[in-house]
Amino acid sequence: MTRQLIRNAMIVTGDGRTKPFAGDVLIDGDRIAALGAVSPSEAATADRVVEAGGRALAPGFVDTHNHGALGGTAIGASGLPVACELAVLGGVTKRICGVDGLSPAPVAEAQRSQYAAQLKPLDGAIDGTWTWTSIADFLAWHRGRSVTDMGLYLGHSAVRRVVMANVARAASDAEIAAMAEVVRREAPLTLGLSTGLVYNPAVYSDEREIAALVRAFNDVKPGALFPHLRSESDAILESAKEVIGAAIEGGGGYCNEHSKIAGRANYDKIGALENLLADAASLVPTMENMYPYTAGSTTGDAIFPPDMRAGGRAEFLAALDDSARRAAAIAKMRFDSKSWDNFIHFCGGLEGIQIAGVKPGVGDAFLGRRLADVSRAAGAQDPGSEAAYAAVFDFFAANAGEIAIISHYGNDATMERFFRRPTMAICTDGLMPGPGQKPHPRSLGAFPKALRMAREMGIALTEMVWRMATLPCRFLNLPDPTLRVGADASLTLFDAEAVRENNDYLNPEVRPTGIDCVWVHGTCVLDQGRLIAPAPFPGRALVSRAL
């Protein structure tokens, strides 16, 4: 077993209390053998010495909302899987996937291709066809395909598809009972229940259904609800009450996923939302997470009313070309901001929606541009006109619906207020880059940006490391990563005074600076900024403890 000495580091233990202190760390295999004062005789046993030069050494960071379980397994130029390249460059050693209710399993065999098509704009696609049905099957397929650790939430939409396919209606008592059985069967290898109440088919569910599935998960082991709210804009308070109520009724914890408020008319609701989170915290375990940006990113079909997205991919594409359905949808997208989470409305119109992904060879010229540019190119100069929206429909149809978007919904003041919350973990919500994509910069920049913002805002490094590494593990019932003798040697070495993101919305794949070295279970996968592809990959499956 390899022994490595990290010399002259500023050790940030991750416990949230201990002030950073100078010292050395000796790694023996995948464990920390000595920390602080390492004796000369112990140091002499090291096979490799890393000179830290006073840089911060911390537990590896946890990306609590990641989309890299599928397309992210493709091998990148470095020899690492793409999702792991992005993670490691940001200091991340653990990724939590299966988010927004869209875990890659369970899936009925007959629905594999349809579900794969739904997930492709968010999670990318694997090389080949899906061969799995259960969470256990998927984890067996995934084994050996990740350099970082990876865990899954159990997705509400995946469970609902198994029982009800993609139908647009509320579930019956019998269907809810059947879904609960699926949850109990699949819960042991997952970390909690995620839902995405703007995505099919969870968008058609109600609080009663969500609470029943949270309760079913907690019949097996403790698990929180990790929701994408039904509305993050005009109806954000009502939507937060819905899922907090379901979490409490179901007996689980609550995590406010990718915390944000969309639309300038709603920014002043943050105080009321914080009161709801405080009320929840008085009753159940809670945590929040966020990516520190004022724009989000998701599948392009999220801009369409929910009824247009019912059924399979072929049905959605047919709806785009159906003149009557198109006219009804355009009217709803232009004028209805109350009955559904209207992305175009809360982003201020077509100008607020940036194109992050297209079908390669079809929409490439519009990558990085706005939907308003699409409409203008089609001759509709008024981006609020019916003709402008019709041009957007044509664009989606030409690209077979394979559109990803960046939604510019927020403001810095609200984002920074969320960021200061001591219970706020960090995530990337990172979509997987590939041909025909110009992804959100958060995929690569979220964690370096969080460290830069904390430095500039006067948030102590002790607190930020706790929030980025330890808080998520404790909330998810995973082993505590706090640095101590015997702890897991998944570590990040970074320059606390210089670390920062360097990318932006038009140049999203520019690397950050200041993340120097990363170890996953003692295996160095980033060495002074150089990515290393070890054999075998050291990533493990993350499974929460049953307390």
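Basis for what follows: all heavy atoms, side chains included, without hydrogens, waters or symmetry-related copies.
Heavy atoms only, all atoms of each residue included: Trp130 and Ile126 are closest at CD1-CD1, 3.8 Å. Minimum heavy-atom separation, Pro439 to Ile406: C-CD1, 4.3 Å. Of all non-hydrogen atoms in Tyr153 and Leu476, the two that sit nearest each other are CE2-CD2, 3.8 Å. Across every non-hydrogen atom of Lys221 and Ala187, the tightest pair is CE-O, 3.3 Å. Leu70 approaches Leu119 most closely through the heavy-atom pair CD1-CD2, 3.8 Å. What you find for Leu225 and Ala246 is that their closest heavy atoms are CD2-CB, 4.4 Å.
Side chains of Cys97 and His67 form no contact here, defined as non-hydrogen atoms less than 4.5 Å apart. Counting heavy atoms from C-beta on, the side chains of Cys473 and Lys94 come closer than 4.5 Å. With contacts defined as side-chain heavy-atom distances shorter than 4.5 Å, the pair Trp340/Met333 qualifies. When side chains are defined from C-beta on, Leu197 counts as touching Glu242, because their heavy atoms get closer than 4.5 Å. Looking at heavy atoms from C-beta onward, Asp322 lies out of side-chain contact with Arg326 at the 4.5 angstrom threshold. Looking at Pro81 and Arg145, their side chains never come closer than 4.5 Å, going by heavy atoms from C-beta outward. Side-chain contact between Gln354 and Leu506: present, with at least one pair of heavy atoms (C-beta onward) separated by less than 4.5 Å. Looking at heavy atoms from C-beta onward, Pro441 lies in side-chain contact with Tyr505 at the 4.5 angstrom threshold.
No donor-acceptor distance shorter than 3.5 angstrom exists from the side chain of Asp373 to the backbone of Arg369, with no hydrogens or angles considered. Here the side chain of Asn342 pairs a donor or acceptor atom with the backbone of Asp336 at under 3.5 angstrom. Judged by distance alone, the side chain of Asp100 and the main-chain N or O of His228 form no donor-acceptor pair under 3.5 Å. Listed for the Asn399 side chain is no donor-acceptor partner under 3.5 Å among the backbone atoms of Glu402. Distance alone, capped at 3.5 Å, is enough to place a donor-acceptor pair between the Thr64 side chain and the Ile426 backbone. Of the possible donor and acceptor atoms, none in the side chain of Arg95 sits under 3.5 Å from a partner among the backbone N and O of Thr148. Judged purely by atom type and a 3.5 angstrom limit, Ser297 uses its side chain to pair as donor or acceptor with the backbone of Ile405.
Here Ile303 contributes atom CD1 and Ile344 contributes atom CD1; the two are 4.0 Å apart, rounded to the nearest 0.5 Å. Here the NE2-OG distance, from His345 to Ser233, works out to 6.5 Å after rounding to the nearest 0.5 Å. Rounding to the nearest 0.5 Å places OG1 of Thr286 at 9.5 Å from CG of Asn256. Atoms CZ and OG1, on Phe138 and Thr190 in that order, are 13.0 Å from each other to the nearest 0.5 Å. For the atom pair CD1 of Ile353 and CZ of Arg370, the computed distance is 8.5 Å after rounding to the nearest 0.5 Å. Considering CZ of Phe226 and NE2 of His258, their distance stands at 12.5 Å, rounded to 0.5 Å.
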Using side chain to side chain contact (heavy atoms under 4.5 Å, CB included), reason through Asp234 and Ile236 one step at a time and then give a plain yes or no. CA-CA 6 Å; Asp234 292 0; Ile236 188 170; over 6 Å; no
Assess whether side chain to side chain contact (heavy atoms under 4.5 Å, CB included) is satisfied between Leu152 and Leu191, documenting all intermediate values. CA-CA 6 Å; Leu152 289 176; Leu191 301 172; over 6 Å; no
Kindly indicate, with the supporting measurements, whether the criterion side chain to side chain contact (heavy atoms under 4.5 Å, CB included) is fulfilled by Thr129 and Ser113. CA-CA 8 Å; Thr129 57; Ser113 61; over 6 Å; no
Between Phe304 and Leu320, is a side chain to side chain contact (heavy atoms under 4.5 Å, CB included) present by the stated rule, with each step listed? CA-CA 10 Å; Phe304 298 97; Leu320 291 175; 3.8 Å; yes
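Judged as a side chain to side chain donor-acceptor pair (under 3.5 Å), the pairs with a partner in residues 69-85 (not counting sequence neighbours) are, in order, Ser78-Glu85. Identified under the salt bridge (charged side-chain N to carboxylate O under 4.0 Å, His left out) test for residues 342-366, with sequence neighbours left out: Glu351-Arg376.
Under the salt bridge (charged side-chain N to carboxylate O under 4.0 Å, His left out) criterion, Asp429 pairs with Arg442, sequence neighbours left out. With sequence neighbours left out, Arg208 forms a salt bridge (charged side-chain N to carboxylate O under 4.0 Å, His left out) with Asp173, Asp206. Partners of Asp307 by salt bridge (charged side-chain N to carboxylate O under 4.0 Å, His left out), not counting sequence neighbours: none found. Judged as a ring pair (Phe, Tyr, Trp, His ring centres under 6.0 Å), and not counting sequence neighbours, the contacts of Phe343 are Phe346. Scanning for side chain to side chain contact (heavy atoms under 4.5 Å, CB included) contacts around Thr428 gives Asp63, Asn66, Ala446, Phe447, with sequence neighbours left out. With sequence neighbours left out, Arg184 forms a salt bridge (charged side-chain N to carboxylate O under 4.0 Å, His left out) with Glu181, Asp219. Residues meeting the side chain to side chain contact (heavy atoms under 4.5 Å, CB included) test with Ala380, sequence neighbours left out: Ser375, Ser385, Ala387, Ala388. With sequence neighbours excluded, no residue forms a ring pair (Phe, Tyr, Trp, His ring centres under 6.0 Å) with Phe418.
A donor atom on one side chain and an acceptor atom on the other are not found under 3.5 Å apart for Asn411 and Thr294. In summary, the side chains of Ser231 and Asp341 do present a donor paired with an acceptor at a separation below 3.5 Å, with no hydrogens or angles considered. Judged purely by distance below 3.5 Å, without hydrogens or angles, the side chains of Ser172 and Glu175 pair a donor atom with an acceptor atom.
By the 6.0 Å and 45° rule, Arg143 does not stack over the aromatic ring of Trp141.
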Run the side-chain donor-acceptor check on residues 155-162: report pairs under 3.5 Å with partners two or more places apart or on a different chain.
| from | atom 1 | to | atom 2 | distance (Å) |
| --- | --- | --- | --- | --- |
| His156 | ND1 | Thr195 | OG1 | 2.7 |
| His156 | NE2 | Glu209 | OE2 | 2.7 |
| Ser157 | OG | Asn200 | O | 3.3 |
| Ser157 | OG | Ala202 | N | 3.1 |
| Arg160 | NE | Glu209 | OE1 | 3.4 |
| Arg160 | NE | Glu209 | OE2 | 2.9 |
| Arg160 | NH1 | Arg169 | O | 3.3 |
| Arg160 | NH2 | Arg169 | O | 2.8 |
| Arg160 | NH2 | Glu209 | OE1 | 3.1 |
| Arg161 | NE | Gln118 | OE1 | 3.1 |
| Arg161 | NH1 | Gln111 | OE1 | 3.3 |
| Arg161 | NH2 | Gln118 | OE1 | 2.8 |

Which donor-acceptor pairs under 3.5 Å do side chains of residues 531-543 form with protein atoms, sequence neighbours excluded?
| from | atom 1 | to | atom 2 | distance (Å) |
| --- | --- | --- | --- | --- |
| Arg540 | NH2 | Asp30 | OD2 | 3.0 |

